[in-house]
Amino acid sequence: MLDPKLIRATPEVVAAAMRRRHKTLDLDVLITLESRRREALTKAETLKAERNAVSGQIADLKKRKEDATGHIEAMRRVGEEIKALDIEANAAEEEFMGLLMAIPNLPDDSVPDGADAEDNIVVRTWGEPALPDFPARPHWEIGGALGLLDWERAAKIAQARFSLFVGQGARLERAIQSFMLTLHTEQHGYTEVAPPFLVAPESLRASGQLPKFEEDLFRLREGLYLSPTSEVQLTNLHRDEIFDAGTLPRYYTAYSPCFRAEAGSAGQESRGLIRQHQFDKVEMYKFVAPETSADELETLVANAEDVLQGLGLPYRVVLLCAGDMGFSALKTYDLEVWMPGMGKYVEISSCSNCGDFQARRGQIRYRREPGGKPELVHTLNGSGLAIGRTWAAVAENYQQADGTIRVPDALQAFMGTAVIG
RNA sequence: GGAGGGGUGGCCGAGCGGUUGAAGGCGGCGGUCUUGAAAACCGUUGAUGGUUCCAACCAUCCGGGGGUUCGAAUCCCUCCCCCUCCGCCA
């Protein structure tokens, strides 16, 4: 959520930012609502001050057993007026907040202009996007041939776009997960958490999925949602809390399955592990002081790159343009891994600095010094990495001419073998 | 799921419907004392919004929401959470 004061004080800045995002926004409606709210609020507060004073007098009169009916009658009318003004102020605020909650974050100055993925900028490349000296197969063929993936049974158990890993395939999933969590906790200073996989609507509001993107989520009859990413759980780990001075930054990592309805994505990437209703992910998350968040984003990306480098998977780092960024982010780098079987780079991690956008929604604050005023923190999140896509990348990059998969050195201890198949 | 108990300031814990933002204690901060520290004593110690413009003033907040009342932490309704016992269960 943007700072409401920003809309009042510098609407032109907000308008310019929305243009960069290629979004339209009627600021006049917001400004009108805000002045309506303030007008009613000021009037109501004046009347409340009067009521408080007179109520004190009424108490005194009653204590002395004197007549107070005149005051009481007057305050009854004032009370009705206050009620009407409160309703007016609340209605205006509710409408204002409803609109404000649907406004995306402001892009950072360092984010390039652009409308869509075409305008993203490749900032660096690691490794060679090479093809083997035999016909490279996509991971679903490799996995299917070795009996590591079973799409028919996955669809029977659930429905299309769910996956079933079998035998060494399932073991590879677990190995990748363990490798990542071990790396982040032992080398990068993250605290591991194992969160709930169901989340409350309030949590989804804080991280930014609600109210705008409900159709992308699975909702349970009980009112809870299946989490689409543990970014939600990690954002809400410290919702409504104030960090003591000197306790930032805080780094967290979590494994969780992620559930996405993928509404409107029919026909896209329908084969393989790339686009599923459920996938596993290891997430990295940071709560930091505002002035450090730009640097923290760079190290977050580096932590994600470490996973790919550790696995020996070629990739490139892409800086998203303003029009291609997610709702809550002010700056985002995507990591795209090379998939020789698919013959292209595929997104495998997205690392974002959300600034105070989520912190304001979730009231996540810190004190700069003991006894100081609470200030909003900055939050950052990054996949470290999407496990299903990592599985696919390992299969495609380590496939061998005989149809087997060589296990990357870093995973051999977790797999207990050097070759799959 | 059933029965009962409970949710008050950073923490513990009082609170006849009327100066209760809220006693008391702990913790924190400042000061006195001390070579320094401890102890003791004194003072201080929340958030949000608004007016105003930086010093004040006002309003709101005692789990969330709604209601009764001139006035609610205190009464009523509802939801959430926690604890105990029973049932069920990995």
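Residue numbers begin at 1 in each chain, while the letters A, B, ... track the order of the sequences.
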5'-most to 3'-most nt of RNA chain B touching chain A (<4.0 Å, heavy-atom partner on protein side) reads G18(B) to G71(B)
Pairwise C1' distance for C81(B) and U32(B), with rounding to whole Å: 46 Å
For RNA chain B, the dot-bracket notation using Watson-Crick and G-U wobble pairs below 3.5 Å, [ ] for pseudoknot-type crossings and | for other-strand pairs, is ((((((((.[[[..)..(.....]]]((((((.......))))))((((((....)))))).[[[[[..)....]]]]])))))))....
>> If I pick the C1' atom on C58(B) and the same atom on U19(B), what distance separates them, to the nearest angstrom?
In response: 16 Å
Taking the C1' atom of each, how far is C76(B) from U20(B), in whole Å? 22 Å
Practice item. With heavy atoms under 4.0 Å as the rule, sort Lys43(A) into base, sugar-phosphate or nothing. Key: nothing
Tightest non-hydrogen contact, residues Leu297(A) and Cys351(A), listed as CD1-O, 3.6 Å
Considering only the C1' atoms, how many Å lie between G6(B) and A73(B), rounded to the nearest integer?
15 Å
- request: Determine the contact category for Ile58(A): base if any of its heavy atoms lies under 4.0 Å from a base atom, sugar-phosphate if only primed atoms, P, OP1 or OP2 are that close, otherwise nothing.
  value: base
message: In terms of relative ring orientation, are Phe287(A) and Tyr252(A) parallel, tilted or perpendicular, with 30° and 60° separating the classes?
response: perpendicular
Note: for Gly56(A) and Ala44(A) on RNA chain B, the residue whose nearest nucleotide lies more 5' is Gly56(A)
Heavy-atom nearest pair, Leu376(A) first then Pro290(A), reads O-CG, 3.6 Å
Exercise. For G46(B) versus C11(B), give the span between their C1' atoms, rounded off to a whole number of Å.
Key: 13 Å
Give me the distance, rounded to whole Å, that separates A47(B) from G21(B) when you measure between the C1' atoms they each carry. 11 Å
query = Would you call Arg275(A) and Glu262(A) a salt bridge, taking side-chain N to carboxylate O under 4.0 Å as the test?
reply = yes
In Arg271(A), Arg389(A), Glu396(A), the residue satisfying side-chain hydrogen bond (donor to acceptor under 3.5 Å, both in side chains) with His139(A) is Glu396(A)
Original post:
After noting the C-alpha distance and the side-chain angles of Leu2(A) and Asn105(A), does the key distance pass the side-chain contact (heavy atoms from CB on, under 4.5 Å) rule?
Top reply: CA-CA 7 Å; Leu2(A) 300 182; Asn105(A) 203 355; 4.0 Å; yes
Heavy-atom nearest nucleotide on RNA chain B taken for Ile242(A) and for Arg77(A); more 5' hit belongs to Ile242(A)
* Sidechain N-carboxylate O distance under 4.0 Å for Glu45(A), Lys48(A) -> no
(Q) Checking side-chain polar atoms at under 3.5 Å, does Glu296(A) have a donor or acceptor matched by the opposite partner on Tyr251(A)? (A) yes
C1' atoms of G7(B) and G64(B), separation to the nearest Å = 12 Å
Can we call the ring centroids of Phe259(A) and Phe197(A) under 6.0 Å apart?
-> no
Practice prompt. Assign Arg360(A) to base, sugar-phosphate, or nothing according to its heavy-atom contacts below 4.0 angstrom with the strands shown.
Written response: nothing
For Asn52(A), which contact category applies under a 4.0 Å heavy-atom criterion: base, sugar-phosphate, or nothing?
sugar-phosphate
* Rounded to whole angstrom, note down the P distance from G15(B) over to G9(B). => 16 Å
